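The model shown is predicted, which means the values in this text are computed figures rather than measured ones. So that the names make sense, note that chain A is the first sequence line, chain B the second, and so on, each numbered from 1.
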Protein chains: 4
Amino acid sequence: MTEVLQQSRARARQRRILDAALRVFSRKGYRDASVDEIAGESATSKGGVYFHFPGKEAIFLHLLNRTASQLRTKAEEAMAAHDDPIAKADAALLAVLHTFAKHRALARLFMVEAMGAGREFQQRMAEIHAEFATIIREHLDDAVAQGVIAPIDTEIAGRAWFGALNEVITNWVILGEQERLEDAYAALRPLLMRSVGVADSQERVS
Amino acid sequence: MTEVLQQSRARARQRRILDAALRVFSRKGYRDASVDEIAGESATSKGGVYFHFPGKEAIFLHLLNRTASQLRTKAEEAMAAHDDPIAKADAALLAVLHTFAKHRALARLFMVEAMGAGREFQQRMAEIHAEFATIIREHLDDAVAQGVIAPIDTEIAGRAWFGALNEVITNWVILGEQERLEDAYAALRPLLMRSVGVADSQERVS
Amino acid sequence: MTEVLQQSRARARQRRILDAALRVFSRKGYRDASVDEIAGESATSKGGVYFHFPGKEAIFLHLLNRTASQLRTKAEEAMAAHDDPIAKADAALLAVLHTFAKHRALARLFMVEAMGAGREFQQRMAEIHAEFATIIREHLDDAVAQGVIAPIDTEIAGRAWFGALNEVITNWVILGEQERLEDAYAALRPLLMRSVGVADSQERVS
Amino acid sequence: MTEVLQQSRARARQRRILDAALRVFSRKGYRDASVDEIAGESATSKGGVYFHFPGKEAIFLHLLNRTASQLRTKAEEAMAAHDDPIAKADAALLAVLHTFAKHRALARLFMVEAMGAGREFQQRMAEIHAEFATIIREHLDDAVAQGVIAPIDTEIAGRAWFGALNEVITNWVILGEQERLEDAYAALRPLLMRSVGVADSQERVS
DNA sequence: GATGAATGAGACTTCATTCAT
DNA sequence: CATGAATGAAGTCTCATTCAT
């Protein structure tokens with residue numbers, strides 16, 4: 001069918017635009033990225049971009065949501081490999097970290113640019129942060145339920161874990177290459193564990 | 001001396017511009033704040049603003065530095081009241097929190113807007129974050145030296161503490177009023193303490 | 001014949017497009033009407049519209065000509081019912097008025113939008129105006145020839161009659177509902193009659 | 001004072017922009033006129049235009065109002081020279097005509113472009129038309145009151161007079177040079193007079 | 001014949017910055 | 001020193017038109 005072909009081509013073009021946008025946004029930042037440049041980078045015309053997306057803002061939002069969803073998937077896959085609730089939460093953090101370590105552009109977009117891109121995004125970003133904090137929290141709750149850790153305020157713990165990770169990633173994103181991002185986590189991990197009352201068990205690495 | 005008078009008048013105007021800029025930036029965000037509006041809010045003309053500052057960017061940077069310095073002062077004053085190194089670090093965090101709780105505009109500027117305002121600021125922000133992380137770290141180092149806590153990676157701990165705090169403040173800034181910011185810290189504090197191996201001692205609030 | 005079927009189908013679609021265009025043009029005005037919207041309203045695709053018409057301009061021109069021709073037909077039918085040349089001219093005006101009263105959209109298109117839609121249309125509109133003025137003129141000429149009215153400049157009279165009518169209709173189109181358009185004519189008629197030296201004779205209909 | 005100088009310079013520039021806009025609008029029509037071209041023609045920058053006017057629409061509206069006001073002034077001056085109310089109305093029409101005859105650009109703008117420039121202007125144009133129709137009407141009312149003419153529907157008469165004039169001017173604007181606009185009025189005048197029951201008195205021309 | 005994705009020229013507008021007064 | 005008019009580069013977005021499928 002012609003229709004199907006066109007649809008799939010359209011979807012391919014959408015993805016090309018999104019991919020190009022990711023590159024441009026993380027190269028220039030949201031405010032300094034121009035739709036013109038995104039169009040150029042995706043081998044499309046400006047009009048083409050506007051055919052597929054209502055505007056620059058929408059592109060960024062798509063990207064944000066797409067990334068958040070990919071990230072969540074990765075985290076969930078990583079957690080599936082473990083039974084221990086603490087190990088699960090731990091695995092989730094590590095998965096997120098791995099992903100960002102591989103795609104610094106993504107990390108920059110996600111951790112840095114999104115905040116200052118305007119009120120609209122801050123709200124959405126806060127939600128995304130909260131989503132991840134909640135994932136952690138739920139597994140800490142499980143851990144409490146199973147008696148693995150003592151009862152604590154898991155909500156604040158989830159947020160704190162995420163915040164600590166965030167700070168580490170952000171630093172790594174902004175300052176040059178420095179060290180491997182995973183190494184930072186290796187140092188961070190015992191801290192997090194202790195914070196919820198888990199005695200250190202240096203079982204794992206990557 | 002006329003000179004002296006003029007100097008002080010000039011300084012007064014500078015401050016008026018900075019104060020106005022703070023209001024405008026935190027109302028509109030960096031990118032949506034216009035020099036025109038800052039001029040209007042500070043009862044000056046656009047030309048006047050440009051006489052005192054090289055440009056919009058410089059105003060923001062001034063503000064950032066001024067705020068960081070005020071914050072550091074507050075933190076140091078708070079720490080001076082304590083001997084115990086852990087208590088010092090703790091007091092510093094609380095002082096920062098108090099300040100932000102009183103001036104949400106400042107918090108927004110400092111924690112949210114600055115990140116996405118452009119490459120220039122991200123670098124500076126990372127430095128400021130690092131400064132605060134270092135303050136914490138130094139006192140944790142003291143604590144280790146005094147045998148109050150066991151040896152740990154204090155650098156990562158400083159960053160983690162700051163990151164956790166950051167996340168909490170950011171959430172509070174972006175989402176509406178919700179709860180008192182200080183309450184969040186009350187919940188956060190035991191976590192931080194445990195993370196460096198200090199048994200909970202619920203001594204204080206303020 | 002397949003050919004015949006296809007031809008008639010093509011013509012049907014043409015008409016559907018024209019009808020849709022009339023609605024859109026009179027809703028949005030020429031410049032704010034988009035081909036996309038016309039396509040949507042005529043249950044066709046943009047490509048379809050461009051298959052049947054060379055462009056937006058041509059659609060508008062078609063509409064203009066179609067309307068002018070319909071209007072002329074109505075006027076001629078109305079005139080056929082009368083012998084008196086003055087009555088004929090009178091009937092023509094009334095017929096035009098009736099038509100517009102029923103189709104305000106048409107009136108708006110014809111009297112208002114067409115003028116400002118661009119140079120191309122102004123020329124054509126002037127011609128159409130002239131056509132109607134000429135119809136009136138011819139019957140005034142007949143009246144002069146038959147001695148019903150005294151010799152006057154019938155050309156200018158035709159134009160003036162049309163102009164007066166035009167102003168009345170335009171007002172009615174732009175300002176809301178107000179009164180019945182026909183009532184305005186009832187008031188206008190004696191004026192027109194007197195202007196060519198015909199004593200008032202309130203013979204007529206509706 | 002610097003202030004005064006700047007103000008007067010600003011006003012001069014405003015006028016330059018308005019004058020340039022008049023030229024461009026009447027050369028290209030409202031929709032095809034670009035702010036760029038207006039800026040160029042007024043030896044300003046695009047930004048300069050936007051400093052003085054909120055946008056293209058506002059420029060056009062200014063022009064419309066300015067012209068309407070000038071026209072009214074001319075008409076009133078012309079009427080001041082006469083006592084007879086009919087002569088006054090007559091003089092007003094002639095004054096309007098003279099003005100347009102001298103400034104065809106103005107006429108085009110006023111009679112043709114304004115209508116199709118968008119809904120906003122149509123409303124305002126209808127008002128302006130009504131203003132002029134009212135001026136005529138008031139003097140016809142005077143004439144009735146003084147017993148110069150028999151009682152008639154002066155409101156519709158005012159509108160009809162204006163409409164007739166409008167048609168004549170519009171034709172003259174759109175079709176090339178042809179004849180002198182004033183000659184058209186000479187032919188139109190007896191018609192108008194008769195229409196309100198005034199016997200012809202070919203007293204004047206200009 | 002129909003479809004709708006793609007194009008690209010061009011429109012309006014904003015604003016940081018400069019500079020004559 | 002202050003003012004605010006002026007600049008001009010850059011940005012987002014619209015839409016008539018084309019054309020591969």
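Atom CZ of F53(C) and atom P of dT17(F) are 14 Å apart (whole Å). Rounded to a whole Å, the CZ atom of R16(A) is 15 Å from the P atom of dA5(E). One interatomic measurement links the two molecules: CD of Q14(C) to P of dA2(E), which rounds to 11 Å at whole-angstrom precision. For the pair I17(C) CD1 and dA2(E) C1', the computed distance is 11 Å after rounding to whole Å.
If you find the closest nucleotide of DNA chain E to E57(B) and to Y50(D), the one lying nearer the 5' end belongs to Y50(D). Comparing H52(A) and P54(B) along DNA chain E, the residue whose closest nucleotide (by nearest heavy atom) sits nearer the 5' end is H52(A).
Under the rule for a side-chain contact (heavy atoms from CB on, under 4.5 Å), the partners of A68(C) that lie at least two apart in sequence or sit in another chain are F110(C), I128(C). Applying the side-chain contact (heavy atoms from CB on, under 4.5 Å) test to Q14(A) and every residue at least two apart in sequence or in another chain returns H52(A), F53(A). Qualifying ring pair (Phe, Tyr, Trp, His ring centres under 6.0 Å) partners for H129(C), counting only residues two or more places apart in sequence or in other chains: F162(C). For S42(A), the side chain to side chain donor-acceptor pair (under 3.5 Å) partners at least two apart in sequence or on another chain are T44(A). D19(D) meets the side-chain contact (heavy atoms from CB on, under 4.5 Å) test with R15(D), R23(D), R66(D); sequence neighbours excluded.
Note that CD1 of I17(C) is 14.0 Å distant from CG of L22(C), once rounded to the nearest 0.5 Å.
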Show the atom names and distances, to 0.1 Å, of all donor-acceptor pairs under 3.5 Å that link a side chain in residues 57-65 of chain C to residues at least two apart or in another chain.
residue	atom	partner	partner atom	Å
N65(C)	OD1	R124(C)	NE	2.6
N65(C)	OD1	R124(C)	NH2	2.9
N65(C)	ND2	L61(C)	O	3.3

Canonical and wobble pairing (Watson-Crick, G-U, under 3.5 Å) of DNA chain E, dot-bracket with |: .||||||||||||||||||||

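Within the structure, salt bridge (charged side-chain N to carboxylate O under 4.0 Å, His left out) pairs that include any residue of residues 107-118 of chain C comprise R108(C)-E113(C), E113(C)-R119(D) (at least two apart or interchain).
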Close N/O contacts between protein and nucleotides 7-11 of chain E (under 3.5 Å):
residue	atom	partner	partner atom	Å
dT7(E)	OP2	R13(A)	NH1	3.3
dT7(E)	OP2	S45(A)	N	3.0
dT7(E)	OP2	S45(A)	OG	3.1
dT7(E)	O5'	S45(A)	OG	3.4
dG8(E)	N7	G47(A)	N	3.4
dG10(E)	O6	K46(A)	NZ	3.0

